[in-house]
> 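Pasting a structure here, questions to come.
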Amino acid sequence: MDSHDKSSALHVEGAAEHDVPSEKVDTVGAVLAGQVHDMSIEDRATALRLAQQQDPGLDPFSWRMVKFTLIVLVCCMCSGDSGFDGTVMSSVNSMTQYQKYFNLAAASSKTGIVFGMYTIGQVVAFFPASYLPDRIGRRWSMLVGNVVLMAGALVTGFATNMGMFIGGRFLTGLGCTTAATAAKSYMSEITSPASRGRWMGLLNSFYYVGQLIASGIAIPLGLRPDAWAWRSPIILQAAPAIINVAFVLLLPESPRWLYSRGHKERAVSILAKLHSRDMDPHSPLIQLEIQEIEANISLSGADKRWWDFRAIFNSAANRYRFGLCAIVSCWGQLSGNGLITYFLPILLQQAGIVDTNRQRVLNFVNSITSFVGALTGTAIVDKVGRRKLFLFAEISCMCGMAIVAGLLSDAGTQNAMRANAGITFIFLFMVFFSFGITPLQALYPAEVLAFENRAKGLALQGWVTNAVSLINTFGLPSALAALTWKTYLIFMVWDVVGVITIYWFVVETKQLSLEDMDEVFMAPNPKKRSFELAKLAKERAKRDQEALAAIRHEL
């Protein structure tokens, strides 16, 4: 009898012994016997599905779910910070009050420096973002990052010269990335495999909540004749950070971080409160999770040595993991979305819309439609899977860039209808990008990295993301001025490369525990192994359920 048959037999025998509905069913005997480390990855995946059936987690209409949702929303403020900045600066950049105050033009090289200094702050954030989450915990790292962000927003908002303005932008980028990196680690470690995709997708989708607030307040404030037209929205960027700072220390710490620090009892207690329907630490689901954590977290791992980044690259499996993070970074920033996020007013101007007030209204509309797309993708990511969503979105981006380039090109007769069609496809582009890629930007890197490398890996991935973003912030103003519509063609070609890369390398992580990833990436072909695992686990869970139903029918 193989290990699967033993596990299934134990499960069925337990069901026969505990047929009374009020008593617990022994989901997988090996789990409750503390033998998870001896099980194959297929058996663990099957055990997880069965454990979730016996302990489905928090009641969606319970007070505990309300509290869990509030925990998530506090973390989501870190993502709202980032979305606020990109849009508020896009709106401010279109204000003549701002341009006159600092003697700037909307698409000048100085504008690239203003946008780029924020990105430089994000790049420098690599150091605190890689050190603080492992050293002082995920919650305190969010707090420290948001305090720095608040200081940056105030310095920028009250700036009296360009040097002060740029210095505030640097602090804002530094704090925003430090907090966001810690939030990604925290969220991936407190959510269960069954719902991680939805919660992590919501985290990154809050980027558009920040966009909505920033673009919405910029419409009436932009009508003011004085400098407060641009000062006010920049200062208000501190609002999401203030909410996070006020409540983050009331949240439970990451159970995986607590376990890595030797606090096993606290880790088990928090897992039971967050994942178990009855807050039962002996639930098969909680026992499975804690034993996987025990098997995969080293109490003396590289996460205890802030300077040690070797584990990220010391094996083919770890290099593959980080390579996937780099793929998310490259096409999460350079699919054409950066072109629209930061320079939408300029694109609208090139399409024939020169009224700055109308530009800000359309910026607000773009935020709404993008947010709807992100929420839709978040809702289905656990069902459809990460790989299919990523591939669909990148194909959509490729087609979108090609269509917009054709509509806004100087070939043929230009008219209002053609310009409006170009604007429509710009908005549709962002809907499809947000649908497929936005939920994955926080979720996928946090899933594929091992715990030992998660904080450092996410910080390094953030560094790659922001290094890539320098192309957007420093290169795009000059490209738009010189190439206009041809800029879209450059992104279209890069999206073609993205489609090929995603197809050949991206693995599926749907419904796998964070610890199961270790065995997936140890396989000679991780992508193929992830497909096999998903198929086998589904088939075996179905067989076990049928066997259990048959026994109950006989009884």
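Being a predicted model, the structure only gives us computed values, none of them experimental.
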> Students often mix this up, so state it plainly: with edges at 30° and 60°, are the rings of F206 and F371 parallel, tilted or perpendicular?
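Taking F371 first and then F206, their aromatic rings stand perpendicular (interplane angle over 60°).
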> Within this structure, what is the CG-CE distance for the pair D55 and M279, rounded to the nearest 0.5 Å?
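Separation between the atoms: 11.5 Å.
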> With sequence neighbours left out, what residues match S185 under side-chain hydrogen bond (donor to acceptor under 3.5 Å, both in side chains)?
none
> For Q333 and T465, what are the C-alpha separation, side-chain angles and deciding distance, and is it a side chain to side chain donor-acceptor pair (under 3.5 Å)?
CA-CA 7 Å; Q333 296 299 311; T465 297; 5.3 Å; no
> Answer whether the closest heavy-atom distance between the side chains of V328 and L440 falls below 4.5 Å.
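Side-chain contact under 4.5 Å: no.
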> Restricting to side-chain hydrogen bond (donor to acceptor under 3.5 Å, both in side chains), what partner residues turn up for Y208, sequence neighbours left out?
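If we apply the side-chain hydrogen bond (donor to acceptor under 3.5 Å, both in side chains) test to Y208, skipping adjacent residues, the hits are S434, T438.
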> Suppose we screen for side chain to side chain contact (heavy atoms under 4.5 Å, CB included). Which residues come up paired with P133, at least two apart in sequence or across chains?
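P133 satisfies side chain to side chain contact (heavy atoms under 4.5 Å, CB included) with R138, S141, A182, A455 once adjacent residues are dropped.
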> Could you check whether atom CZ of F432 has more than 12 heavy atoms from other residues, nucleotides or ligands sitting under 6.0 Å from it?
no
> What pairs with F127 under ring pair (Phe, Tyr, Trp, His ring centres under 6.0 Å), at least two apart in sequence or on another chain?
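Counting only residues at least two positions away or on another chain, F127 forms no ring pair (Phe, Tyr, Trp, His ring centres under 6.0 Å).
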> Find out whether E189 and R454 are in side-chain contact, i.e. whether some heavy atom of one side chain is under 4.5 Å from a heavy atom of the other.
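They are in contact (side-chain heavy atoms under 4.5 Å apart), so the answer is yes.
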> Applying side chain to side chain contact (heavy atoms under 4.5 Å, CB included), can you list everything that pairs with P233, at least two apart in sequence or on another chain?
V88, V92, I217, L221
> Check whether any side-chain heavy atom of T181 sits under 4.5 Å from a side-chain heavy atom of F126, and report yes or no.
no
> Using the test salt bridge (Lys or Arg N to Asp or Glu O under 4.0 Å), find all partners of R198 that sit at least two apart in sequence or belong to another chain.
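R198 satisfies salt bridge (Lys or Arg N to Asp or Glu O under 4.0 Å) with D382 only.
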> Around Y320, counting heavy atoms of other residues, nucleotides and ligands shown, do more than 12 lie under 6.0 Å from its OH?
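Yes, the 6.0 Å shell around OH holds more than 12 heavy atoms from other groups.
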> Please report the C-alpha distance between S335 and F491 in whole Å, then the side-chain angles of each, then the deciding distance to 0.1 Å, and finally whether the side chain to side chain contact (heavy atoms under 4.5 Å, CB included) criterion is met.
CA-CA 6 Å; S335 290; F491 283 103; over 6 Å; no
> Using the rule given for side chain to side chain contact (heavy atoms under 4.5 Å, CB included), can you reason through T509 versus M517, listing the C-alpha separation, both sets of side-chain angles and the distance that settles it, and then say yes or no?
CA-CA 8 Å; T509 60; M517 304 298 176; 3.4 Å; yes
> Only one of P439, S188, S79 forms a side chain to side chain contact (heavy atoms under 4.5 Å, CB included) with L203, so which one is it?
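Option passing the side chain to side chain contact (heavy atoms under 4.5 Å, CB included) with L203: S79.
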> How long is the span from the CG atom in L70 to the SG atom in C75, to the nearest 0.5 Å?
11.0 Å
> Would E508 and K388 satisfy salt bridge (charged side-chain N to carboxylate O under 4.0 Å, His left out), going step by step from the backbone distance to the final call?
CA-CA 8 Å; E508 182 55 72; K388 289 180 181 177; over 6 Å; no
> Applying side chain to side chain contact (heavy atoms under 4.5 Å, CB included), run through V209 and C76 and close with a yes or a no.
CA-CA 9 Å; V209 174; C76 285; over 6 Å; no
> Please tabulate, for the side chains in residues 266-273, all donor-acceptor contacts under 3.5 angstrom to protein atoms that are two or more places apart in sequence or on a different chain.
none

> L149 versus L174: any side-chain heavy-atom pair under 4.5 Å?
no
> If we only count heavy atoms from C-beta on, is the Q461 to L458 side-chain gap below 4.5 Å?
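Touching, per the 4.5 Å side-chain cut-off.
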> Does R386 pair with E447 as a salt bridge, N-O distance under 4.0 Å?
yes
> For residues R231 and W228, determine if any side-chain heavy atom of one lies less than 4.5 Å from a side-chain heavy atom of the other.
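Answer yes - side chains close enough.
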> Looking at residues at least two apart in the chain, or sitting in another chain, which of them share a side chain to side chain contact (heavy atoms under 4.5 Å, CB included) with L154?
F158, I235
> Can you tell me how far the SG atom of C176 sits from the CG atom of N146, to the nearest 0.5 Å?
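Reported to 0.5 Å precision, the distance equals 8.0 Å.
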> Nearest 0.5 Å please: distance from the CG atom of L73 over to the CZ atom of F68.
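Answer rounded to 0.5 Å: 10.5 Å.
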> Which heavy atom of G436 sits nearest to which heavy atom of A393, and what is that distance?
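Nearest heavy atoms, G436 then A393: CA-CB, 3.5 Å.
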> Looking at T369 and V365, would you say the former's side chain and the latter's main chain have a donor-acceptor pair under 3.5 Å?
yes
> Between F165 and Y98, is the gap from one ring center to the other below 6.0 Å?
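Distance test on ring centres: under 6.0 Å, yes.
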> Main chain of H282, side chain of D280: is a donor-acceptor contact present, judged purely on distance under 3.5 Å?
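Side chain of D280 to backbone of H282: a pair is present.
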> Between atom CH2 of W257 and atom CD1 of I190, what is the distance when rounded to the nearest 0.5 Å?
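Here the rounded value is 15.0 Å.
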> Would you please test N337 and I437 for side chain to side chain contact (heavy atoms under 4.5 Å, CB included) and show each step?
CA-CA 10 Å; N337 53 303; I437 298 180; over 6 Å; no
> May I ask you to check whether over 12 heavy atoms, not counting those of M164, lie within 6.0 Å of atom CE?
yes
> Hey, do the aromatic rings of F433 and W331 have their centres closer than 6.0 Å?
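Centroid separation for F433 and W331: 6.0 Å or greater.
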> I need the full list of side chain to side chain donor-acceptor pair (under 3.5 Å) pairs touching residues 62-77, with sequence neighbours left out, sorted by first then second residue.
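Passing the test, one end in residues 62-77: no pairs.
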> Within the distance-only criterion (no hydrogens, no angle test), does the side chain of K456 pair as donor or acceptor with the backbone N or O of I312 below 3.5 angstrom?
no
> Indicate yes or no: at least one non-hydrogen side-chain atom of F322 is less than 4.5 angstrom from one of F313.
yes
> Quick check for you: to the nearest 0.5 Å, what is the distance between Q211 atom CD and F84 atom CZ?
11.0 Å
> Do S370 and F427 touch side chain to side chain, with heavy atoms closer than 4.5 Å?
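No, their side chains stay 4.5 Å or more apart.
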> What residues form a side chain to side chain contact (heavy atoms under 4.5 Å, CB included) with V372, not counting sequence neighbours?
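By the side chain to side chain contact (heavy atoms under 4.5 Å, CB included) rule, V372 matches T376.
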> Identify, with sequence neighbours excluded, every residue that meets salt bridge (Lys or Arg N to Asp or Glu O under 4.0 Å) alongside R139.
E253
> Spell out, as yes or no, whether a donor-acceptor pair under 3.5 Å connects the side chain of R387 to the backbone of I502.
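A pair under 3.5 Å: yes.
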> Can a donor-acceptor pair be found, under 3.5 Å and without considering hydrogens, that links the side chain of T378 to the backbone of G201?
yes
> With sequence neighbours excluded, tell me which residues meet side-chain hydrogen bond (donor to acceptor under 3.5 Å, both in side chains) with T156.
none
